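From a predicted model like this one, the values you see are computed outputs, not experimental measurements. Order of the sequence lines sets the chain letters (A, B, ...), proteins ahead of strands, with each chain counted from 1.
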Amino acid sequence: MKIYIEENLWDSFSFFDEIRALFNFTVEFKKYRFRDPYFLAYIRVRNPSERVFYEPLPLEIENEKRDLIQGVIYDGVELLKYFSQSIDISKPAVLITNRLIATPGDDMRYHLRMIVMSAAAVISLKGILYAPAKPPEYYIKSSLGFTEKIDIDVRKVLRMLILQFYAYFEYEEIFCSEKTCILYNCHTTEEINQVKGLCKKHVKMLEGVINPSLELRIF
Amino acid sequence: MEGEIFAKTTEKDVTSAIVKSFHSMLIEYTDSDVIVVGGGPSGLMAARELAKVGKKVLVIERNNYLGGGFWIGGYLMNKITVRAPAEKVLDELLIPYQEYTKGLYVTDGPHACSKLIAAACEAGAKFLNMTTFEDLIIKERRVSGVVINWTPVQALPRQITCVDPIALESKLIIDATGHDAFVAKKLEERGLLKTRGYGSMWVEESEDAVVNHTGEVFSGLIVTGMAVTTVFGLPRMGPTFGGMLLSGKRAAEVALEKLKGFE
Ligand SMILES: [Zn+2]
């Protein structure tokens, strides 16, 4: 398994050991940089209800070059496509980025995502904070201008997402229906809190490749 | 006579004082360095920064009052919040505030807004209020002025079409018209720019995004404040005003850099 960390995130990234500890095989970490600032400016999400791309303005390309991308949202599908084409995807590969990513939901509107996956995966660290739905108080306070601390265990969610992608890549297993299982597809902070470990079925499936401690339900 | 407090004057003098001083200002400002369209927090901030260093700045405001949304915070409550480092701007303008939580500051809307307006005035910016931006002057693919009219003209019955606007020239225009981005939209009408409309997804970093994307979007046109979100299609902002103030400052920096090309 190869985990790519976007260059601008590498120095502050602190979950190397936690990710290594997930598996019985070696996890390789590598720096990654998107080579095409024009493309990144092009695939920005502009309108939440419309999947439409615009010719970037020069300032947008300039800001991409300088990594001034706070608050910018990218089309997750296009970002993943670009990443997948730039690396070897015969083995599981994940990009961890600080960029915000969104993809259209069933309602045809863009929603922020923690992960977008197919043959490879892109995980957004900021998405882990922003994408899961929070209790209503959070939104009320935010709308009044208060910056509420987001109560999410990033370490836990990051490990969940990597295991979810791995299960999908190796076993084509798309999520688990059991709410306490690591492979459950969480959409809210409350659901994340309910996850305890792998269910019996998935312990069996991943036996041998994952660290045995994950079989204990103390995730 | 007892009780007589004020100096004697005539109606004629009062009228000519108003007309002559307004007239001479208007004549002087038919040509300026920068025209700021919109007198909200970002526009006022940009105007103040530019006037402070001696640039000739005219602010166009469609309302009678200046300050835009800066009088009032979220839910019509007149408390204004800014996040660090924007409290430094409050320090600079001598606006008192309190730290609410680490990095979040709260101040009184009326105090903050009136100080900002005063700062722009004292720096030397001039104002045309009750004045609507109608169109842009574009020469050789460069914005070089605005067409304006009195705001009440819009309310006249349609058969009265004789109230023609006037044009003012300037080296640069700053669009500080909020989410409407009226100035940028005029370029769009002519097919010279494509604005993206602002998003509804709220993210904490949208203020950073607004400041980072404040800049020239067409030769001679700089966007600032909420207009930035509309032009670039950035996520919505919450009701904290630091982004507006810092965006105004950034717009002024960009303008000063561009004005060097005219020297
Ligand atoms: Zn399971």
Side-chain angles (χ1 to χ4, degrees), chain A residues 41-75 98-105 107 109-113 124 126-127 129-131 133-134 138-150, chain B residues 72-77 79-84 100-106 184 187-188 193-219 221-223 228-243 250 254:
Chain A
Y42 181 74
I43 62 161
R44 290 173 171 206
V45 172
R46 321 294 188 150
N47 185 333
S49 52
E50 221 186 339
R51 193 160 185 263
V52 54
F53 301 115
Y54 293 84
E55 197 58 31
L57 291 160
L59 183 57
E60 291 171 311
I61 300 170
E62 202 44 49
N63 281 354
E64 288 293 346
K65 286 182 190 159
R66 297 165 60 201
D67 276 332
L68 296 175
I69 51 162
Q70 294 83 353
V72 171
I73 302 169
Y74 300 86
D75 185 283
N98 232 352
R99 293 173 202 275
L100 289 160
I101 50 177
T103 61
D107 56 359
R109 291 176 62 81
Y110 271 109
H111 296 271
L112 289 175
R113 305 292 180 195
S124 164
K126 274 183 190 153
L129 291 178
Y130 292 122
K134 325 252 178 321
Y138 170 82
Y139 297 99
I140 296 166
K141 285 185 177 167
S142 299
S143 74
L144 292 172
F146 299 106
T147 40
E148 278 302 291
K149 187 118 191 69
I150 299 173
Chain B
I72 284 171
Y75 193 60
L76 296 181
M77 294 179 283
K79 296 289 180 186
I80 298 293
T81 53
V82 306
R83 290 193 280 164
Y100 183 77
T101 52
K102 196 177 160 19
L104 178 67
Y105 303 88
V106 61
L187 280 180
E188 188 161 24
L193 182 76
K194 217 165 154 68
T195 67
R196 290 89 201 267
Y198 63 98
S200 70
M201 277 177 287
W202 182 89
V203 291
E204 199 179 298
E205 291 171 346
S206 18
E207 277 194 285
D208 303 71
V210 166
V211 178
N212 286 336
H213 289 81
T214 298
E216 193 177 44
V217 294
F218 184 81
S219 189
L221 177 65
I222 293 164
V223 285
V228 175
T229 61
T230 302
V231 171
F232 290 94
L234 295 170
R236 266 172 74 144
M237 296 206 352
T240 76
F241 286 92
R250 175 67 60 84
V254 175

Of the backbone (N, CA, C, O) and the side chain (C-beta and beyond), which part of B:T195 lies under 4.5 Å from a heavy atom of chain A, both, or neither? backbone
Going by the rule salt bridge (charged side-chain N to carboxylate O under 4.0 Å, His left out), which residues pair with B:D208 if we only count those two or more places apart in sequence or in a different chain? none
So, the part of A:L68 with a heavy atom under 4.5 Å from chain B: the answer is both
Examine the side chains of A:R99 and A:Y74 and answer whether a donor and an acceptor come within less than 3.5 Å of each other. yes
side-chain contact (heavy atoms from CB on, under 4.5 Å) between B:T214 and B:V254, worked out: CA-CA 8 Å; B:T214 298; B:V254 175; 5.5 Å; no
Which atoms of A:R44 come close to chain B, meaning under 4.5 Å heavy atom to heavy atom: side chain ones, backbone ones, both, or neither? side chain
Honestly, the part of A:E55 sitting under 4.5 Å from a heavy atom of chain B is backbone
Evaluate B:E207 against B:V82 for side-chain contact (heavy atoms from CB on, under 4.5 Å), listing each step before the verdict. CA-CA 10 Å; B:E207 277 194 285; B:V82 306; over 6 Å; no
Going by ring-ring contact (aromatic ring centres under 6.0 Å, His included), name the residues that satisfy it together with A:Y42, two or more places apart in sequence or in a different chain. A:F53
Part of A:L129 within contact of chain B (heavy atom distance under 4.5 Å): neither
